[in-house]
Number of protein chains: 2
Amino acid sequence: MATISDVARAAGVSRQTVSNALNAAHRLAPDTLARVTAAIEALGYRPDPTARSLRTGSRHAVAYPVPPDNPDRPNALMGGFLHCLVDEAGTRGFRILLTRTDRASIAEVIAARQVDGFVLSDVLSADPRLAELDAAGVPYVAFGRLGGSGGWVDVDSAAAMAEVVELLVAQGHRRVGYLGAAEDLPWMRDRRAGFLAAADRLGLTVESRPLPDALRAADRPTAIVAGDDWLGLAGYRMIGEAGLVPGRDVAVTGFNDLPLCDLVSPALTSVRIPVRLIARVLVGRLLDRLAGGPTPEHGALVAGELLVRASTPVRQG
Amino acid sequence: MATISDVARAAGVSRQTVSNALNAAHRLAPDTLARVTAAIEALGYRPDPTARSLRTGSRHAVAYPVPPDNPDRPNALMGGFLHCLVDEAGTRGFRILLTRTDRASIAEVIAARQVDGFVLSDVLSADPRLAELDAAGVPYVAFGRLGGSGGWVDVDSAAAMAEVVELLVAQGHRRVGYLGAAEDLPWMRDRRAGFLAAADRLGLTVESRPLPDALRAADRPTAIVAGDDWLGLAGYRMIGEAGLVPGRDVAVTGFNDLPLCDLVSPALTSVRIPVRLIARVLVGRLLDRLAGGPTPEHGALVAGELLVRASTPVRQG
DNA sequence: TTGAAAGCGGTACCAG
DNA sequence: CTGGTACCGCTTTCAA
């Protein structure tokens with residue numbers, strides 16, 4: 001492996017000049033630059049980022065703690081998200097370092113100064129990792145809304161739920177049930193709130209009885225809005241157990257647009273999460289901040305995409 | 001941030017002694033060790049892996065190129081796999097660095113000496129990345145079988161397919177169709193070969209007509225073995241289009257055990273891939289190699305787990 | 001515009 | 001068992 005000294009020797013200049021050729025080419029005389037560049041080419045020289053990091057203190061790397069995965073309900077979007085993250089960071093010369101999610105592991109990565117910043121996801125309220133990062137002064141951005149700072153990006157679930165409600169209203173639904181779960185998760189709470197707000201605004205009646213009972217009542221809801229796709233399928237089951245047919249008798253919507261939406265019968269109307277865009281904005285905000293830019297005032301909301309499928313058919317009459 | 005010099009000064013020893021306390025504690029007098037340890041604690045000193053790497057040349061990091069993800073058919077197992085990978089590597093003091101999969105990116109990571117080795121997946125035959133790694137002498141292990149070396153781990157699809165065939169035979173099936181696709185992918189070819197071998201050994205007749213036609217024939221196959229779960233669902237559709245009912249009229253099996261197997265109706269019999277075990281063996285082999293151990297002669301095959309569900313019911317008569 | 005010297009934070013080697 | 005010295009490969013500072 002060629003070092004900077006090898007190149008300097010080959011080009012008949014000092015090591016500094018080689019360094020300048022790489023980092024501040026404009027300060028070199030044209031012919032010197034040409035000579036150095038030729039030597040770099042000839043020797044196949046690549047500066048060692050480790051040595052550079054030691055000197056400059058910047059690591060050109062970002063950590064992403066990989067959330068644990070429930071094998072029975074894997075996050076099918078994770079692979080795509082990471083691919084996009086790597087891609088977006090890569091085009092700006094940064095790498096993604098995976099870490100465990102526990103506080104100790106994160107503390108270690110910070111203490112070892114292995115990265116310049118963090119990308120977080122699945123952030124809970126009062127997440128201990130945030131305290132850790134704040135205390136150490138390590139910049140981060142989160143996928144999912146945070147309390148104060150503008151260092152976050154999230155799906156605009158309120159807007160998405162409003163679209164869902166508008167769809168149902170347009171299809172003639174007047175009484176709708178909401179199927180939620182895990183409401184300790186901020187994003188699940190957020191979706192419910194978005195639904196309720198839109199339902200209120202558009203004059204939809206929200207079912208208050210437990211859904212299994214409500215579906216058997218004479219004035220049963222004609223649609224169920226679920227907090228995610230898995231819950232949507234739970235809705236299918238409830239509907240079936242009430243002797244009704246999902247889609248035909250009761251419309252259903254999900255959230256996340258997992259691939260199973262197209263597979264189940266009827267295909268499930270859902271909201272697609274723009275993974276690529278989210279990765280881009282996350283990386284953009286973090287790297288801008290690392291570059292010394294100001295922290296944006298507000299978090300960024302990106303629109304989900306409502307995909308209407310057979311589970312929300314146009315109603316006859 | 002405390003440095004090794006700070007600790008040395010605080011403990012009244014040289015930097016070298018602090019270094020020894022960390023890396024070769026047995027060479028220190030007990031009381032010196034105690035003094036140094038106390039100083040480390042007091043100052044919260046953590047050695048900087050970047051500086052250490054510069055000196056030793058080892059990065060304590062492993063690269064994993066993230067395969068691109070088809071949004072319409074995401075790899076639902078990726079999140080869990082990466083989590084396991086991080087976990088297994090982490091317990092041995094190694095980190096996972098994500099990279100892009102293209103040859104140029106990999107060449108860059110190698111040239112920049114950013115990792116000690118690679119974990120690969122989705123390796124094609126004559127994969128250009130292998131040439132790159134071999135040429136540079138960078139150690140690697142692959143999820144998925146490789147030509148010569150023992151640096152790989154894979155699911156024993158032949159054994160798994162044998163289990164599938166045995167199940168079908170036991171259930172009274174005599175004529176079975178195979179539904180494959182993307183046979184340029186080694187693992188897909190491997191599954192088909194495993195099926196054919198087992199069918200041959202157990203005297204099963206393999207359907208040779210195109211499945212849509214065969215299902216309409218009088219001597220139609222009574223079961224379909226699919227190369228993966230998505231193909232299993234394609235099988236469901238073919239069966240339905242032939243006026244038959246999957247599970248009841250024609251048994252179906254998949255492969256991978258995606259979560260959708262439990263969701264579809266009938267639930268799809270499939271083979272679960274032991275992701276955690278695979279990650280463990282991959283990391284184990286790579287790190288053993290990095291530690292100077294010998295390369296194993298053979299690749300490792302790990303058993304898949306056949307999960308029998310409603311799509312392969314016990315046959316009446 | 002170019003170069004010499006110092007140093008980033010550790011570890012290897014060797015002397016005592 | 002401990003410490004002095006050189007050095008890993010690069011960039012920053014300051015003179016020439």
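What you are looking at is a predicted structure, and each value in this text was computed from that prediction instead of being measured. Proteins come first, then strands; the chains are lettered A, B, ... in the order of their sequence lines, and each starts at number 1.
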Exercise. Kindly indicate whether the side chain of B/Arg52 and the base of C/dG9 share any N or O donor-acceptor pair separated by less than 3.5 Å?
Key: no
Practice problem: Could you say whether B/Thr56 or B/Arg35 is positioned toward the 5' end of DNA chain D, judged by the nucleotide with the nearest heavy atom to each? | Solution: B/Arg35
Practice problem: Answer with base, sugar-phosphate or nothing: what part of the nucleic acid does B/Leu28 contact at a heavy-atom distance below 4.0 Å? | Solution: sugar-phosphate
Exercise. Using the side chain to side chain donor-acceptor pair (under 3.5 Å) rule, collect all pairs that involve residues 80-95 of chain A, keeping only residues at least two apart or in two chains.
Key: A/Asp87-A/Arg276, A/Asp87-B/Arg100, A/Glu88-A/Arg276, A/Glu88-A/Arg280, A/Arg92-A/Asp288
Exercise. Identify whether any heavy atom of B/Ser5 sits under 4.0 Å from a base atom; if not, whether one sits that close to sugar-phosphate; answer base, sugar-phosphate or nothing.
Key: nothing
Practice problem: Go through DNA chain D in 5' to 3' direction and return only the first and the last nucleotide with some atom under 4.0 Å of chain B's heavy atoms. | Solution: D/dC1 to D/dG9
Practice problem: Using a 4.0 Å heavy-atom cut-off across all strands, classify B/Thr50 as base, sugar-phosphate, or nothing. | Solution: nothing
Quiz item: Can you find a side chain N or O atom of A/Thr17 that sits less than 4.0 Å from OP1 or OP2 on C/dT1?
Solution: no
Quiz prompt | Phosphate OP1/OP2 of C/dG10: any B/Ser19 side-chain N/O under 4.0 Å | solution = no
Quiz item: Any salt bridge between B/Asp6 and B/Arg46, counting N to O under 4.0 Å?
Solution: no
Quiz prompt | Ring centroid separation B/Tyr64 to B/Tyr140 under 6.0 Å | solution = no
Quiz item: B/Arg113 near the nucleic acid: base, sugar-phosphate alone, or nothing, with a heavy-atom cut-off under 4.0 Å?
Solution: nothing
Quiz prompt | End-to-end axis angle, where each axis spans five pairs of the helix from C/dT1-D/dA16 to C/dG16-D/dC1, to 10° | solution = 40°
